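The structure under discussion appears below in the form of structure tokens.
Start at 1 with the first residue, then count along the sequence. In this text the structure is predicted, and so the values were computed from the model without any measurement.
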Amino acid sequence: AGAFNTPLAGVAFAIEELAAAYEQRMTLLVMTAVLIAGMVSLGIAGDYVYFGAMRQTLGVREALIVTPVAGVVGGVAGGLFSRLMLSFGTSSFAPVAWFRAHRLYFALACGVVVALVGVLSGLTWGTGYDAARHIIEGNDVPIWFGAAKFLSTMATALSGLPGGIFAPSLSVGAGIGDMLRSLFPGYPPGAIVLLGMVAYFTGVVRAPLTAVIIISETTASRGLMMPLLASAIMADFAAQLVSKERLYHGLSQRFMEKPQGA
């Protein structure tokens, strides 16, 4: 809520995660914390739109054609990210097991990947906010940005460092949307990008309601609510085919495992 100035999205994410993973008696406490964070953010930074206002809309015919494509492509890509993240902790593949046993070397390897991708692309550092905003505004960004940001985000997250998943996922989704808009040249480009963002974000976190609200709040694109929701729902189904377990729920299990001999 504080990072993106999206209090509604914060509440929605709390609801969707609480329903799946936590005790219901914690709901009110978490929602109160989210609302306080939103008010503090407004007091410090004022009311702002994170990615800037995007007023483009889609006609019914356009939405019926592009929404399923965005939902499937973004959902599969997001599900793949979750699958790779979760499988690393349980895979018995020899090189993966070796890296798990030698965490320092693995962190070094991840750092090298992030550095190489960043130096070669010049676009994947940090959250990828600037590139995502350029894409939404219709500016040219290399077609491979989404794949490059996917790789750097994966390497950062697997290393165990708190590099974030939310904001980088929005940037990767913008890159996917950029690829999709090249397939539909006559369609409103900004709207296509937002569909890619909501689909990929849903595929990663498996919280379609949160994805729709956070995209609509960060871009003031309330005219796209129905296409965004349809794309998010399709992405959720597509992601389930790739990764059965929700990302945050799966990651939380690592903190709940008892050490051997305990």
Side-chain angles (χ1 to χ4, degrees), residues 4-6 9 48-78 80-81 121 123-124 126-153 165-205 207-208 210-236 238-239:
F4 301 108
N5 189 32
T6 55
Y48 64 95
V49 181
Y50 186 76
F51 283 117
M54 207 286 298
R55 304 300 185 188
Q56 296 178 8
T57 58
L58 289 169
V60 175
R61 178 179 173 277
E62 294 173 328
L64 289 175
I65 294 174
V66 72
T67 294
V69 177
V72 172
V73 173
V76 169
L80 178 62
F81 181 90
S121 69
L123 295 171
T124 58
T127 63
Y129 169 81
D130 290 333
R133 181 155 189 167
H134 284 320
I135 293 172
I136 294 172
E137 293 174 348
N139 298 317
D140 290 332
V141 171
I143 196 69
W144 42 257
F145 168 73
K149 187 60 182 171
F150 180 99
L151 180 59
S152 64
T153 302
I165 291 177
F166 258 62
S169 292
L170 294 176
S171 300
V172 176
I176 291 176
D178 185 48
M179 290 188 291
L180 290 174
R181 72 181 180 183
S182 65
L183 301 177
F184 302 94
Y187 288 43
I192 304 297
V193 171
L194 296 194
L195 291 179
M197 291 175 71
V198 78
Y200 179 78
F201 188 83
T202 298
V204 173
V205 302
T210 300
V212 172
I213 295 176
I214 198 170
I215 294 299
S216 64
E217 285 190 292
T218 55
T219 60
S221 55
R222 292 166 181 82
L224 282 172
M225 286 294 289
M226 293 307 295
L228 289 173
L229 183 59
S231 186
I233 292 174
M234 294 180 189
D236 192 33

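- Across all non-hydrogen atoms, the minimal contact from I176 to A77 is CD1-CB, 3.8 Å.
- I215 CD1 to F51 CZ: the interatomic distance, rounded to the nearest 0.5 Å, is 7.0 Å.
- In this structure, the side chain to side chain donor-acceptor pair (under 3.5 Å) partners of T210, at least two apart in sequence or on a different chain, are E16.
- Residues forming a ring-ring contact (aromatic ring centres under 6.0 Å, His included) with Y187 (at least two apart in sequence, or on another chain): F184.
- Using cut-offs of 30° and 60° for the angle between ring planes, the Y200 and F81 rings count as perpendicular.
- Judged as a salt bridge (charged side-chain N to carboxylate O under 4.0 Å, His left out), not a single pair has a partner in residues 49-71 (not counting sequence neighbours).
- T153 contributes no side-chain N or O that, together with a main-chain N or O of F150, makes up a donor-acceptor pair within less than 3.5 Å.
- Rounding to the nearest 0.5 Å gives a distance of 11.0 Å between CD1 of I213 and CG of L228.
- In this structure, the side chain to side chain contact (heavy atoms under 4.5 Å, CB included) partners of A238, at least two apart in sequence or on a different chain, are V76.
- In this view, A70 and L180, L195, S231 satisfy the side chain to side chain contact (heavy atoms under 4.5 Å, CB included) rule, not counting sequence neighbours.
- Side-chain contact between I214 and F4 is present, with heavy atoms from C-beta onward closer than 4.5 Å.
- The heavy-atom pair separating T202 from A232 by the smallest distance is CG2-O, 3.3 Å.
- Screening residues 178-201 for salt bridge (charged side-chain N to carboxylate O under 4.0 Å, His left out) gives D178-R181 as the qualifying pairs, with residues at least two apart or on separate chains.
- Residues that satisfy the side chain to side chain contact (heavy atoms under 4.5 Å, CB included) test with A147, not counting sequence neighbours, are absent from this structure.
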Show me, pair by pair, the donor-acceptor contacts under 3.5 angstrom made by side chains of residues 135-146, not counting sequence neighbours?
from: E137; atom 1: OE2; to: R133; atom 2: NE; distance (Å): 3.0
from: N139; atom 1: ND2; to: H134; atom 2: ND1; distance (Å): 3.3

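- With sequence neighbours excluded, the residues that form a side chain to side chain donor-acceptor pair (under 3.5 Å) with S221 are T219.
- Annotation: the span from M225 atom CE to T57 atom OG1 amounts to 14.5 Å, rounded to 0.5 Å.
- Judged as a salt bridge (charged side-chain N to carboxylate O under 4.0 Å, His left out), not a single pair has a partner in residues 212-231 (not counting sequence neighbours).
- Nearest heavy atoms, G71 versus A199: CA-CB, 4.0 Å.
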_For M54 and L224: C-alpha separation, side-chain torsions, deciding distance, then whether side-chain contact (heavy atoms from CB on, under 4.5 Å) applies._
CA-CA 10 Å; M54 207 286 298; L224 282 172; 3.7 Å; yes
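- In this view, T124 and S121 satisfy the side chain to side chain donor-acceptor pair (under 3.5 Å) rule, not counting sequence neighbours.
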*asked:* Go through it in stages, so that I can follow the logic: the residues are T6 and Y50, the test is side-chain contact (heavy atoms from CB on, under 4.5 Å), and I'd like the CA-CA distance, side-chain angles, deciding distance and then a yes or no.
replied: CA-CA 9 Å; T6 55; Y50 186 76; 5.9 Å; no
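- Applying the side chain to side chain donor-acceptor pair (under 3.5 Å) test to T67 and every residue at least two apart in sequence or in another chain returns nothing.
- Here the straight-line distance linking atom CG of L58 with atom CD1 of I192 works out to 5.5 Å at 0.5 Å rounding.
- Atom OG of S171 is separated from atom CE of M197 by 7.0 Å, given to the nearest 0.5 angstrom.
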